[in-house]
Amino acid sequence: MKNFLVIGNPIEHSLSPKIHNYWIKQNNIDAIYEKKLLNKNELSNLVQEIRKNKISGANITVPFKKEIINLIDELTPLAKKVNSVNTLFKKDNKIIGGNTDVKGFEMSLKHIKYNIAGKNVLILGAGGVTSSIICSLESMGVSKIAISNRTIQKAVEIKKTFPSLNIIKWGDAADFDAIINTTSLGLKINDKIEINTSQNCKGKLFYDIIYNPKKTNFLLEGERRNSQIENGILMFIYQAQLAFKIWHGIKPEIDKKTIDLITND
Ligand code: ATR
């Protein structure tokens, strides 16, 4: 039996086992998918276990998407570009780090039929997943991307990979068609982000990468301003679909039943 893992810290909130085990069963695959809380010093052990075929593959989540890079053999070109790995798999006896977040984000916008081409986007945060979102936005042909992070140096680092980024100070006003929260602010129910923009945001999009809670204060704020709001659940489902394809060679269908299974958790 093959066995897969999602590792992170914290990991309790992860819905990866639920969706992967659902698709494993649906496709009659002899495998199991579990979640495991790891500390940083246990990452090399995980890689060893994959090397010895004790673990068949793994998803990597916060805060290890960058940490894992130095421990594995190769990166896919995309993972290398965004310097972020969320899927480990074996090929020709090498442990490869892939990234399915970039495409997952793009697919989530396609799913809701939101055309972001030509739009002016403001990104909040400069953490592990932010480069994936920027890469995805550039590939979809957005017009401008501004980035705002509490620690400005981290935005400066990201700009080295994406030179056209416009860095703005945390809390400063900015104009946008779509605003995307990539910070971890919102995971806790009382977390709040001050958004310095006009009160009426009709026609704009507020997108939060967070999917649990379903409506962060950031999204509630968007709702109060008459914006379209979207949480990270579709991005989550689509990144999982692509990881599943890498490991099992099957791209499961994402239909209403799949989405309900995950959103009604
Ligand atoms: P990492 O910082 O290790 O990459 P992450 O979870 O991927 O971790 O990213 C956390 C993001 O949320 C960062 O953009 C972080 O801002 P800093 O770079 O300034 O730390 C942001 N974040 C977390 N807590 C925050 C807070 N209280 N206020 C503002 N931003 C916060």
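As the structure lists them, so they are numbered: ligands from 1, and atoms in each ligand from 1.
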Atom of Trp247, atom of Leu88 and distance for their closest heavy-atom approach
NE1-O, 3.0 Å
Around [atom], find the nearest protein heavy atom and jot down its residue, atom name and distance.
atom                    : value
atom 21 (C) of ligand 1 : Thr183 CB, 3.7 Å
atom 28 (N) of ligand 1 : Leu185 CD1, 3.3 Å
atom 19 (O) of ligand 1 : Thr151 OG1, 2.5 Å
atom 4 (O) of ligand 1  : Gly128 N, 3.2 Å
atom 2 (O) of ligand 1  : Lys154 NZ, 2.6 Å
atom 27 (N) of ligand 1 : Arg150 NH1, 3.3 Å
atom 6 (O) of ligand 1  : Val62 CG1, 3.8 Å
atom 16 (O) of ligand 1 : Asn149 OD1, 3.3 Å

Taking the six-membered ring for Trp, is the centroid-to-centroid distance between His20 and Phe4 below 6.0 Å?
no
Heavy-atom contacts with Gly125 under 4.0 Å: which atoms of ligand 1 show up? List them by number with element.
14 (O)
Gly127 heavy atoms, cut-off 4.0 Å: which ligand 1 atoms fall inside?
4 (O), 7 (O), 9 (O), 14 (O)
Is there a donor-acceptor contact under 3.5 Å linking the side chains of [X] and [Y]?
X      : Y      : answer
Asn9   : Asn39  : yes
Ser131 : Asn83  : no
Asn120 : Ser143 : no

Lys90 side chain to Arg51 backbone, donor-acceptor under 3.5 Å
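Yes, the answer is positive, given that a donor and an acceptor are paired below the 3.5 Å cut-off.
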Short question: side chain of Lys35, backbone of Pro17 - any donor-acceptor pair under 3.5 Å?
no
I'd like to know if Ser184 contacts ligand 1, where contact means a heavy-atom distance under 4.0 Å to any ligand atom.
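Yes.
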Lys/Arg-Asp/Glu bridge criterion (N-O < 4.0 Å) met for Lys103, Glu106:
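Result for this pair is yes, salt bridge flagged.
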Per-atom contact, atom 8 (O) of ligand 1, protein heavy atoms, under 4.0 angstrom:
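No, because not a single protein heavy atom sits under 4.0 Å from atom 8 (O) of ligand 1.
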